[in-house]
Each structure stands twice: as C-alpha cells, then as structure tokens.
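In what follows, a structure is listed as structure tokens, so that the remarks can point back to it.
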Amino acid sequence: MLSYIVRRLGAAVVVLFGISLVTFIIAFAVPADPARLIVGAKASPAIVAEVRHQLGLDQPLPVQYIHYVWRLLHGDLGTSYVYNMPVASLIGQRIGGTVLLAVACWLAELIIGIPLGIYTARRARTWIDYAVSALALVGISLFVPWLGEVLLYLFAFKLPVFPLGGTGGIRHLILPALTYGITGAAVYTRLLKSSMLEVLGQDYVRTARAKGASEQRVIWRHVVRNALIPVVTVAGIDIGTLLSGVVLIEVTFNWNGLGSLATEAISQLDIPVIMGTVLFTAVLVVLFNLLVDILYVFIDPRIRYD
Amino acid sequence: MAKVLDVRGLRVDFRIDERYYPAVHDIHFHIDEGETLGLVGESGCGKSVTSLAIMRLLGPGTKVSGEVRYGGKNLLAIPDAEMRRIRGNDISMIFQEPMTSLNPVQRIGTQIGESLFLHRGLTGRAAREQAIQLLQEVGIPRAEEVVDDYPHQLSGGMRQRVMIAIAMACNPKLLIADEPTTALDVTIQAQILDLMRRLSRDHGTSILLITHDLGVVAEMCQRVAVMYAGQIVEQGPVREIFKHPQHPYTIGLLNSIPRMDGPRTRLTPIEGNVPSLRNMPRGCRFAPRCPHAMDVCRAQDPEPVMVEPGHDVRCWLHAPVKEAR
Ligand SMILES: Nc1ncnc2c1ncn2[C@@H]1O[C@H](COP(=O)(O)OP(=O)(O)O)[C@@H](O)[C@H]1O
Ligand code: SF4
Ligand SMILES: [Mg+2]
C-alpha cells in the first residue's frame, strides 16, 4: 500500500518535470519579445537589450530552463508584465474562486449523473430509460455559454431567484453549477448505467441473490460499489480537467477565477501569467489524478498488491 | 424416505427474438433426505437452467412452469419474500466459477456474514466468530486471518471452500452444486468432493450435484438423472445405471469415460452436438446422434417408461411394444 503510493508519487514528480518543460517551450512559441512588451514600442534598442539581459533572455536556452526550474522549485512563478506583481500572488487571489466553482460544477455532475445512472440501469430498456437517455443526449450536446445564458435569463432575469452572475457564495454558484451539471451529467449516467449492467451479470451478483439478499440489498451492497470503480477514475480525471475547463463558465457567469485570469493574460500577451496558470492547472490535474489513484485503493482492494 | 425436493413437470422457456423456446422440457425428479443426486449431461443440456429455475434465479425473458415442491409448498408459486427466506437458508447453491463467484470488493468475513445476517440476524462479533468457525469447518487454514482477506488473495480451491462455507452457513436442507469442481485441477477437485461428502454426511444435507463427469457421479451419488437437450432421458440408482444403462445417450456417455474396472479400451465420444434451443429436432431429440434411431423416433417424442422400480428411461427401444414400432 505504502510502496504503491510512493511509486505513484514518483511518477507524479516525473510528470511535473515534463510539464515544466512544456510550459517553458510554450513561452518561446509565443511570437512576441517579452522585453519589448515590457518597455513598450518606443524604447531604444539599448534599453530593450538591457531588459533582455535582466530577464536572462540573452542566455542559452538550457541555462534559461534550469533557472526557470530553479525558481519554480522556490515557488517563484515570475512577475506579471501587466500587473507588475508576482504571478504566484495573482494565482493565489484567483485560485479560491476557481476551485470553489470547479468543485460545485463537479458535484452537480455527480449529483445529477449518478442517481440517473443507477435509476436507468434498473429500468434498462423501458421507456423511462429511453427518455432519460434522450434527455441526457440533449444535455451533452448543449453549448455551455448558451445554456448558461438561458438559465440566467430564466432564473435570474425573468424569475429573479438567483443573482445575474458575479463571484460569490452558494446563491452565485447554483446556476453555473447547474449549467455544467446538465451538460456533463450524461457522461456519468451512461458510464454508470453500462457499468451497472455489466456488474449485474456478474457471478457474484448471482451469489448474493442465492444467499437470499433482496433486490435493494443486491443493488446497493454488491452492484453499485463495484460499478462505481470506473466512475471514480473518470470523476478524478474530470475534476482535474474541470479546474482548467471552467473557463467558459467563468466567462459566461462573470466569475473571478483562474480561467478569467488566463484569458486576460492571453489577450495581453502577459507571458509569465500564461506560463504560471498553465503550469499551475497542470500541477492540479496531476495532483487530483494522484488523489484518485490513492482513493482507488480504498474502493478496489485488488489494486493493493498489484 | 422423505423427499426434500420434488420437481414435477418443470419447464423453462427463454425468449429469443420475440419467440419462446424451451430449454428445459417437462422434467420430473426428486431428491431424498440426505441423498446426493447427480444431474449429468453434456454442456448445453439444460443442467444449469434447471438448477437456477429451482432457485428462481433466472432473469427476465424467462417463463418457468410446473412445480418445485419443497416443504409442502410449490416454490414457483410462493411470494418473492418467502422465496428469499428459503434461498441461502433452506436451499443454497454453489457455482462452477469460484474465481468470479465472490464479490471482489468485500472481505470473506463480510460475505459469509451476509448469509448469517439475512437468515440468523447475526452481526458484528457473533457473525465474525461464526464465519471463522465455518471457514475452519470447510478446511481453510488460518481461518482467523482469511476471514479478513479479499477473494483475490485466495486460490481457486480456497475460494470454492469459501463458497461452500457461505452455502453451509445456515445449515441448509439442500445444497445445489453446479459443476463445483469443473474449474479446479484434479487434486483440488478430489479435496472439494471429499469436503462435500463429509458435510453432507455430518449435517444430513441433501445435494443436487450437477456435473458432466460420470466419474464424479460414481464417486458421490446414490442416484443419477441423465439430461439431454432439456429432458431427463434416464434416471435411477447409480449402480444400476452404470451396470445396465438403457438409454443410447447414457450408453454413449459411459463409453466416453475411462473405466476403472473393465479393459482399457479406446474412448468413443458420442458423435455430433447437443442441439441448440432454436433447432430442436422433432420426435426424440437424440435421434440425429443415435445409432438405433428408427422412423418412430423421428416422428414422435417417447414418454418416460419404468424399466425397473425407480429406473426410468425415455426411449422408443424401451416403450411397451404396442405403442412402439
Ligand atoms: N438466459 C438464457 N437465454 C437464452 N438461452 C439460454 C439462457 N441460458 C441458457 N440458455 C440455453 O439453454 C441451454 C441450456 O443451458 P445450460 O443449462 O446452461 O446448460 P448446461 O447443461 O451446460 O448447464 C443452452 O442451449 C443455452 O444456450
Ligand atoms: S428414442 Fe430412438 S432415437 Fe431416441 S434414443 Fe431411443 S432409439 Fe435413439
Ligand atoms: Mg452449466
């Protein structure tokens, strides 16, 4: 168990190095000279060269990369050209909002998706199963900003139950989470349904019935737990990608988070902020996957000794 | 002797593409108290379907009719809740695949405990102690540790022992064992059969032993029912059937196993295959493979006929003369 976690941690460190390399390369792929961006178009070439030197941009690439990693290891993500502030503090200001929103969206997907999956699996091939599956398909094909606008119009404007966007608490979270939940739940519904149908055909389910267990007991004690194993994997990957993927939701609902920070940075070519947000979200994804791997061990005991 | 189970006219139909096809067709047999009855036949003859029908464990898309009498009741007619009290308590079952028959995410103790909880109301320490005791009884070493193991930590033979412990947890009157040793290697097979014989003797448990192996029947059973294409074609005491088999199918099966006594002749498997549900031959279902098939065989299905008390055969060769030929 412990060695399993240590191995997973080791793998995560390797991945993190890879990510640092990729973000470093991204910075050089951006078709702009950071020094010129900082000093402005009118500055003399001498001043530009001076700034280049200060930034270390006149050194060979491998040296620059080593410096970059060295600074990263000390928690230094660079300084924003636009805000003239450490990127780490900028991220620090915005991360809370994004995590809150992402977790709310994720929970909404699970809260809508999992019960529907269990429900449709138990009524597979009935009209209610077909109806839910069709609705799920509609949900999956809706465009997030569009659905967001519709929900805002209905439940914030026409029927002013919720605020018209903005950052805040539960009341501000419900509509964005619902938007994401409606578009994302179908993945879980389908996955869990097919997983449950597969588990329902397993020999150990027949064993449980042969013991005299009721249908309720069979479903909850034997089927659901086994059927959730693939769902946990997907849910883990999902929360990781959600942290970077809530951008559309942040923009639609005017929510202050990492996504809006990154979109602003891109439009302003604020390279350290772009690099910082990309790196940071990648690290989060890796960490969440690690968390899922560890969580897995508790759900599926077979993994422990692999 | 009193009958534990009496199956009368059991019939099972499966729905395939909007039509129903019989997989088990009008079978009759009974099991006496303390007796082990063998149910033999090639793969696909309807043995598992018969056992699942008795337990009412067949899924939707299945029609089951006839009677399964147990304790003065027809199990096919009682409410679901009453049937659940019988499953795992009065009648329990073990299966062919020990590797997949246990829940991979539950500890062994939990899985044995479930039966104890459902039928005896035992929980916590009492259930755990009882589970350890059961593990010891089925010959599992280090039972105090195994009770906390997960199935994947045990070998196939050990898992089948655990299945037997679960099945015996509530001291059932009847144990249905569907090819319990088919998936195991020969030495383990012998151990599991020994265990079942011992438990049956110590607890007076009757066994319905399903197998395709007549060697197992010879070793374990007092009586045997031979099944072919959803029908019982011959049944009677094991000794009698091994000495004087009457049905051409039984004779074919016996010729295809190595005999310990007689000369070591070459094995002659029966040619051809068990027909599928959708291609049941008219008349006697064995006719396409039978070396003695006559016109009447292909025209009309024979009825079971008693050749000796307690020995029935379903074959035109043994029908009263005026009906046959
Ligand atoms: N659920 C099912 N639906 C349709 N056909 C089935 C089903 N279960 C079994 N059968 C068919 O019924 C016949 C008997 O199967 P089975 O009882 O499993 O044979 P065996 O004697 O090997 O245990 C086979 O032809 C099999 O294909
Ligand atoms: S009834 Fe005819 S075909 Fe069938 S087993 Fe007897 S002899 Fe063979
Ligand atoms: Mg079978």
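Numbered from 1 within each chain, the chains take letters A, B, ... in sequence-line order. Excluded from the calculations below are hydrogen atoms, water molecules and symmetry mates; all remaining heavy atoms, backbone and side chain alike, are included.
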Chain A neighbours within residues 92-102 of chain B, where any heavy atom lies under 4.5 Å away
Met93(B), Phe95(B), Glu97(B), Thr100(B), Ser101(B), Leu102(B)
Quick check on Leu73(A): does its CG atom have over 12 non-hydrogen neighbours (other residues, nucleotides or ligands) under 6.0 Å away?
yes
Please indicate whether Phe117(B) has more than 12 foreign heavy atoms, meaning atoms of other residues, nucleotides or ligands, lying under 6.0 Å from its CZ.
no
Between Arg217(A) and Glu114(B), does at least one N-O distance fall below 4.0 Å, as a salt bridge requires?
yes
Could you list which of residues 69-88 of chain B have a heavy atom closer than 4.5 Å to any heavy atom of chain A, in residue-number order?
Arg84(B), Arg87(B), Gly88(B)
Using the ring of Tyr119(A) (Phe, Tyr or Trp, six-membered ring only), decide whether Arg123(A) places NZ or CZ under 6.0 Å from its centre and within 45 degrees of its axis.
yes
Can you pull out the residues in residues 51-58 of chain B with any heavy atom less than 4.5 Å from chain A?
Leu52(B), Met55(B), Leu57(B)
So, applying side chain to side chain contact (heavy atoms under 4.5 Å, CB included) with Met196(A), which one of Thr120(A), Val223(A), Asn226(A) is it?
Val223(A)
Assess whether a salt bridge exists between Asp149(B) and Arg159(B), defined as any Lys/Arg side-chain N lying under 4.0 Å from an Asp/Glu carboxylate O.
no
Counting heavy-atom pairs under 4.5 Å with chain B, the top scorer among Arg206(A), Glu215(A), Gln202(A), Arg221(A) is Arg206(A)
Any salt bridge linking Arg19(B) with Asp17(B)? Criterion: basic side-chain nitrogen under 4.0 Å from a carboxylate oxygen.
no
Closest approach of Leu184(B) and Ile188(B), non-hydrogen atoms and distance?
CD1-CG2, 4.0 Å
What are the residues of residues 161-173 of chain B, in order of number, with any heavy atom under 4.5 angstrom from a heavy atom of chain A?
Met163(B), Ile166(B)
Run the salt bridge (charged side-chain N to carboxylate O under 4.0 Å, His left out) check on Arg128(B) and Asp148(B) step by step: do they pass?
CA-CA 10 Å; Arg128(B) 186 187 158 84; Asp148(B) 291 322; 2.9 Å; yes
More than 12 foreign heavy atoms under 6.0 Å from OH of Tyr20(B): is that the case here?
yes
Quick one: closest heavy-atom pair of Leu101(A) and Pro176(A), and the distance?
CD1-CB, 3.8 Å
Are a donor atom and an acceptor atom from the side chains of His222(A) and Gln111(B) found within less than 3.5 Å of each other?
no
Hydrogens and angles aside, do Ser133(A) and Asp129(A) bring a side-chain donor and acceptor to less than 3.5 Å of each other?
yes
Go through it in stages, so that I can follow the logic: the residues are Arg11(B) and Asp13(B), the test is salt bridge (charged side-chain N to carboxylate O under 4.0 Å, His left out), and I'd like the CA-CA distance, side-chain angles, deciding distance and then a yes or no.
CA-CA 7 Å; Arg11(B) 176 179 169 128; Asp13(B) 289 77; 2.9 Å; yes
